[in-house]
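Proteins get letters first, then strands, A, B, ... in listed order; numbering begins at 1 in each.
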2 protein chains.
Amino acid sequence: MTTLTAALPNIFSTLEHDHKKCVSKALDTAQHLCVVRGVQLTPIRLQVLELIWDSHKAVKAYDLLDRFKLQQQAAKPATIYRALDFLIEQGLIHRVESLNAFVGCNCSEHQHELLLLICKHCHEVDERPAPKVMAVLSEEFSQAGFIAYSKAIEAQGICLKCQQSQDEQNSLTGRTDLSVNLKPYSVFDLSQD
Amino acid sequence: MTTLTAALPNIFSTLEHDHKKCVSKALDTAQHLCVVRGVQLTPIRLQVLELIWDSHKAVKAYDLLDRFKLQQQAAKPATIYRALDFLIEQGLIHRVESLNAFVGCNCSEHQHELLLLICKHCHEVDERPAPKVMAVLSEEFSQAGFIAYSKAIEAQGICLKCQQSQDEQNSLTGRTDLSVNLKPYSVFDLSQD
DNA sequence: ATCAAGGATGTTATAATATAACATCACACT
DNA sequence: AGTGTGATGTTATATTATAACATCCTTGAT
Ligand SMILES: [Zn+2]
Ligand SMILES: [Zn+2]
Ligand SMILES: [Zn+2]
Ligand SMILES: [Zn+2]
């Protein structure tokens with residue numbers, strides 16, 4: 001009963017989706033987990049979590065702060081960072097290291113490693129379980145004699161949704177915008193021998 | 001002739017190694033690549049690269065700046081960041097996102113994705129090619145319909161060398177220090193049903 | 001020789017991200 | 001009432017990174 005991410009393409013990338021469901025599921029799960037764990041999902045923490053779940057995009061701490069202040073109360077960075085620390089500890093959000101930003105976790109009820117697909121175009125982040133990848137990765141660790149305490153994969157690229165909407169654009173305009181500034185992998189074409 | 005990382009445990013984690021070789025190889029490769037590519041490995045850039053290769057630890061930009069200034073000349077952040085930008089562009093160093101730090105690339109002559117094993121204990125970073133992981137990862141991308149332009153895996157843990165030296169410690173003191181503050185993966189033990 | 005262009009560096013200022021330290025508050029337990 | 005704990009408020013500062021503009025230097029064209 002735990003096949004939360006059954007569809008192969010990600011949860012939200014192919015079509016419009018009912019984001020209210022994402023939000024209510026995330027908040028319900030958060031409430032539940034915090035009760036079970038005996039930790040406090042205080043109003044501030046809840047509010048920050050809601051702000052993060054405003055979209056599937058990764059959010060910057062100071063953007064959260066600004067939005068938090070708009071809603072009502074004065075706040076300082078510490079307020080936000082403390083809430084973020086709590087949410088991360090509880091596995092309710094993830095920190096996206098390559099962006100210095102934060103994104104809601106869509107499967108916080110499970111232990112899981114991270115595979116984050118980060119779209120350079122729409123900035124949405126899709127978290128996928130990817131057990132195969134993680135298994136192979138674990139093998140690699142044992143080979144290296146490395147004891148891993150956390151692993152995270154962050155991939156930058158273009159999500160399916162953006163590819164599709166770009167295709168539509170192109171069929172109208174004849175342009176291929178996405179290739180601008182985006183070359184697959186780095187520029188290593190000179191192998192010395 | 002390109003089996004640079006033949007040994008299974010990483011290049012430097014098991015035993016003392018001749019780090020001068022690491023450095024001279026890195027610098028030679030850098031020189032060569034820059035000549036072939038027609039880009040300038042200026043004195044500043046070379047000096048920053050040398051400072052980074054001072055060890056296998058990831059280095060912070062402002063630590064580099066301090067060390068750079070010690071050596072001789074006054075410098076401002078921009079000097080260092082510009083050198084870092086250049087070195088990253090040329091694939092001579094990597095940015096470790098989870099640490100906001102930088103580490104020398106030990107295989108800059110090849111196109112490669114990143115698997116960084118980051119030791120929480122000694123702070124050394126081991127870069128491994130891990131082609132299997134990358135292959136499985138690519139599969140995962142296709143399944144998600146994601147076009148990846150860069151991928152990086154950063155794993156935090158304890159390297160072999162530190163495990164071994166810790167074992168020695170323990171056989172003397174009877175303590176198990178490494179477990180302090182380090183629990184394997186996160187604290188998800190409550191599965192709701 | 002002079003000029004123009006590009007790349008590298010110098011310099012000043014500031015932006016963006018994050019934490020330290022200490023005071024206060026609120027609630028639970030005694 | 002007294003005490004302890006966790007959460008929050010508040011002030012200040014640390015850390016990381018970039019913007020903007022001036023200068024310099026080489027190279028190549030006029
Ligand atoms: Zn959604
Ligand atoms: Zn997208
Ligand atoms: Zn070495
Ligand atoms: Zn180590």
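- Atom CG of B/Asp66 and atom P of D/dA14 are 14 Å apart (whole Å).
- Counting to the nearest Å, the C1' atom of C/dT17 and the CD atom of B/Glu97 are 14 Å from each other.
- Looking at heavy-atom distances under 4.0 Å, A/Ala75 makes no contact with the nucleic acid at all.
- With hydrogens and angles ignored, a donor-acceptor pair under 3.5 angstrom links the side chain of A/Tyr62 to the base of C/dA18.
- With hydrogens and angles left out, the side-chain atoms of A/Glu109 and A/Thr29 include no donor and acceptor closer than 3.5 Å.
- Between the side chains of A/His56 and A/His123, no donor-acceptor pair of N or O atoms lies under 3.5 Å.
- Taking side-chain N and O atoms only, A/Lys60 has no distance below 4.0 Å to OP1 or OP2 of C/dA16.
- DNA chain D is contacted by no residue of residues 43-50 of chain B, taking any non-hydrogen atom closer than 4.0 Å.
- Judged by distance alone, with hydrogens and angles left aside, A/Arg82 brings a side-chain donor or acceptor within reach of the base of D/dG9, the pair sitting under 3.5 Å.
- Close to C/dG7, at under 4.0 Å from its OP1 or OP2, lies no side-chain N or O of B/Gln40.
- Contact annotation for A/Ala78: base contact, defined as any heavy-atom pair under 4.0 Å involving a base atom.
- Looking at B/Glu154, its side chain does come within 3.5 Å of a backbone N or O of B/Ser98 through a donor-acceptor pair.
- Distance CG (A/Leu65) to P (C/dT19): 15 Å, rounded to an integer number of Å.
- For A/Leu41 and D/dA7, the CG to C1' distance is 13 Å, given to the nearest whole Å.
- Counting only N and O atoms by type, the side chains of B/Gln40 and B/Arg45 include no donor and acceptor under 3.5 Å apart.
- For the atom pair CD (A/Gln31) and OG (A/Ser24), the distance works out to 11.5 Å, reported to the nearest 0.5 Å.
- Going from atom OH of B/Tyr81 over to atom C1' of D/dA20 covers 18 Å, rounded to whole Å.
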Go through the steps to decide whether A/Arg128 and A/Glu113 satisfy the test salt bridge (charged side-chain N to carboxylate O under 4.0 Å, His left out), and finish with yes or no. CA-CA 9 Å; A/Arg128 299 174 66 87; A/Glu113 282 75 51; over 6 Å; no

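- Rounding to whole angstrom units, CG of residue A/Asp63 and P of C/dA18 are separated by 11 Å.
- The distance between atom CD of A/Gln73 and atom C1' of D/dA7, rounded to the nearest whole Å, is 14 Å.
- As rounded to whole Å, 10 Å separates atom C1' of C/dA18 from atom CG of A/Asn100.
- In summary, the side chains of A/Ser150 and B/Gln156 do not present any donor paired with an acceptor at a separation below 3.5 Å, with no hydrogens or angles considered.
- Of the candidate nucleotides D/dA7, C/dT11, D/dA17, C/dT11 has the atom nearest to the side chain of B/Thr79.
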